[in-house]
Chemist: 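This is the structure I have questions about; it appears just below.
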Amino acid sequence: MMTALIIAAWDDTQAHTRFEINTTKEGVRVDNNIMIGHLCTNEPVIGQVTVFPDVTTALVDTSPDSNAALPAETFTRSDQPATAFIQGLTIAGIMNRDTFSMSALIRDGTGNPIGVWSAGGSIPDHNWVAKMPVRINPINIVADSCAKKVIIAPAIANVCQVTSLNEIDGKNPDRTDVDFWTAPDSGHPKFDAPGWNFPAPFTVNRDLETNPLPSSCGEGIAVRIYPSAAQLDRDFPVVVDGQQVWPAP
């Protein structure tokens with residue numbers, strides 16, 4: 001029985017798509033990996049998309065509990081922009097053809113890279129974990145904000161079947177076409193995940209020595225930032241040579 005429980009617990013921890021390095025101090029560049037461990041109800045993954053929030057349009061939630069984790073119920077929607085809490089968020093691709101032969105950066109309206117898609121390969125449906133490399137450039141917390149930590153929740157899709165947008169239902173955890181590791185509250189009718197335990201958090205902690213909290217902030221607050229529905233419509237679809245290939249047109 002003990003062996004069975006250990007195996008079940010190990011399988012559960014492997015089931016989620018997560019960052020290999022999930023916490024950093026502000027101002028530090030991180031060469032990271034997105035760990036793909038859950039495969040669309042036993043279907044191989046044939047493509048992957050990761051989109052970080054565009055700070056000009058991102059949704060922002062705040063919690064008075066400065067230690068709140070990503071799914072905490074203490075978070076409420078803020079009317080402040082992401083730029084009130086972080087100075088910027090960009091990535092760089094890391095060349096790697098171990099899993100997929102094709103990759104391309106996804107850029108925001110000003111040309112800054114904020115995501116990457118990969119395809120042209122396959123991750124087996126059992127007992128394999130793939131590492132999708134990504135460089136997360138330094139993220140700095142705004143000095144006059146009360147943010148003690150900022151949790152970035154990018155939108156991640158592990159594609160197992162190429163289906164049309166009409167066939168996609170991110171709220172269904174048992175689908176076989178695509179696994180969504182996205183925020184549940186972006187307001188997107190197709191891409192939102194079932195709950196806040198789905199997104200992969202990347203937490204940036206304030207450097208309290210070099211960037212202390214303003215005296216009026218008390219213990220500070222926690223902030224979570226994630227892509228809006230409008231950004232998902234713009235950045236999630238995979239386009240190759242001007243032709244959208246996922247979701248299928």
Side-chain angles (χ1 to χ4, degrees), residues 11-20 33-53 91 93-107 114-134 153-200 226-249:
D11 286 344
D12 183 64
T13 60
Q14 296 302 309
H16 289 72
T17 292
R18 291 291 182 259
F19 285 101
E20 186 170 21
N33 286 295
I34 302 160
M35 310 292 290
I36 303 177
H38 187 80
L39 308 178
C40 307
T41 314
N42 300 326
E43 291 285 332
V45 171
I46 59 172
Q48 203 266 351
V49 188
T50 297
V51 173
F52 286 80
I91 69 161
I94 297 177
M95 294 298 296
N96 185 324
R97 299 185 185 275
D98 289 344
T99 304
F100 295 114
S101 61
M102 299 171 57
S103 293
L105 292 172
I106 300 165
R107 300 179 184 272
I114 54 171
V116 62
W117 63 259
S118 299
S122 178
I123 304 169
D125 57 342
H126 288 292
N127 304 317
W128 288 88
V129 175
K131 292 186 176 184
M132 305 304 298
V134 62
I156 299 174
N158 299 332
V159 180
C160 298
Q161 300 172 21
V162 177
T163 53
S164 70
L165 185 63
N166 288 337
E167 297 172 272
I168 290 173
D169 178 10
K171 293 293 187 182
N172 176 11
D174 298 320
R175 64 202 165 274
T176 59
D177 56 341
V178 56
D179 264 344
F180 285 110
W181 305 97
T182 56
D185 296 335
S186 73
H188 199 284
K190 295 294 185 177
F191 297 149
D192 280 11
W196 273 108
N197 59 321
F198 279 76
Y226 48 103
S228 64
Q231 184 190 350
L232 293 178
D233 280 333
R234 184 192 71 189
D235 294 337
F236 231 15
V238 175
V239 178
V240 179
D241 296 331
Q243 176 68 40
Q244 181 171 313
V245 298
W246 179 84

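What you see below is based on every heavy atom in this structure, not just the backbone, and it leaves out hydrogens, waters and symmetry mates.
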Chemist: Roughly how far apart are S103 OG and R97 CZ, rounded to 0.5 Å?
Modeler: 7.0 Å
Chemist: Going by heavy atoms in the side chains, are V51 and I106 under 4.5 Å from each other?
Modeler: yes
Chemist: May I have the step-by-step check of side-chain hydrogen bond (donor to acceptor under 3.5 Å, both in side chains) for T163 and D177, ending in yes or no?
Modeler: CA-CA 7 Å; T163 53; D177 56 341; 3.2 Å; yes
Chemist: Please walk me through it: do K190 and I168 pass side chain to side chain contact (heavy atoms under 4.5 Å, CB included)?
Modeler: CA-CA 6 Å; K190 295 294 185 177; I168 290 173; 4.3 Å; yes
Chemist: Can you check ring-ring contact (aromatic ring centres under 6.0 Å, His included) on W117 and F100, steps first, answer last?
Modeler: CA-CA 10 Å; W117 63 259; F100 295 114; 9.6 Å; no
Chemist: May I ask you to check whether F180 and F198 place their ring centers less than 6.0 Å from one another?
Modeler: no
Chemist: Please report the interatomic distance CG(N42) to SG(C160), rounded to the nearest 0.5 Å.
Modeler: 10.0 Å
Chemist: Answer yes if the side chains of E167 and S164 hold a donor-acceptor pair under 3.5 Å, and no otherwise.
Modeler: yes
Chemist: Quick one, P44 and I123 - any side-chain contact, counting heavy atoms below 4.5 Å?
Modeler: no
Chemist: Spell out, as yes or no, whether a donor-acceptor pair under 3.5 Å connects the side chain of Q231 to the backbone of R234.
Modeler: no
Chemist: Does the side chain of K171 reach to within under 4.5 Å of the side chain of P184, using non-hydrogen atoms?
Modeler: yes
Chemist: Answer whether the closest heavy-atom distance between the side chains of S118 and T99 falls below 4.5 Å.
Modeler: no
Chemist: Are V162 and I46 packed together at the side-chain level, in the sense that at least one heavy-atom pair is separated by less than 4.5 angstrom?
Modeler: yes
Chemist: Any non-hydrogen side-chain atom of W181 less than 4.5 Å from a side-chain atom of T50?
Modeler: no
Chemist: Do D179 and T17 have side-chain N/O donor and acceptor atoms under 3.5 Å apart?
Modeler: no
Chemist: Minimum heavy-atom separation for G187 to A229, with atom names?
Modeler: C-CB, 4.0 Å
Chemist: Once you round to the nearest 0.5 Å, how far does SG of C40 lie from CD of Q161?
Modeler: 7.5 Å
Chemist: Measuring from N158:CG to M132:CE, what's the distance to the nearest 0.5 Å?
Modeler: 9.0 Å
Chemist: Can you name the closest pair of heavy atoms from A200 and P154 and give their distance?
Modeler: O-CD, 3.4 Å
Chemist: For L232 and P227, which heavy atoms make the closest approach, and how far apart are they?
Modeler: CD2-CB, 4.0 Å
Chemist: Should V245 and V239 count as side-chain neighbours, where that means a heavy-atom distance under 4.5 Å?
Modeler: no
Chemist: Rounded to the nearest 0.5 Å, what separation is found between the CZ atom of F236 and the CG atom of L165?
Modeler: 11.5 Å
Chemist: Do I34 and R18 have side chains that get closer than 4.5 Å, going by heavy atoms?
Modeler: no
Chemist: Which residues satisfy the salt bridge (charged side-chain N to carboxylate O under 4.0 Å, His left out) test with E20, sequence neighbours excluded?
Modeler: K131
Chemist: Can you give me the closest heavy-atom contact between W128 and H126, atom names plus distance?
Modeler: CD1-O, 2.9 Å
Chemist: Quick one, Y226 with W196, criterion side chain to side chain contact (heavy atoms under 4.5 Å, CB included). Give me CA distance, side-chain angles, the key distance, then yes/no.
Modeler: CA-CA 11 Å; Y226 48 103; W196 273 108; 3.6 Å; yes
Chemist: Atom CD of Q48 and atom CD1 of I156: how far apart are they, to the nearest 0.5 Å?
Modeler: 6.0 Å
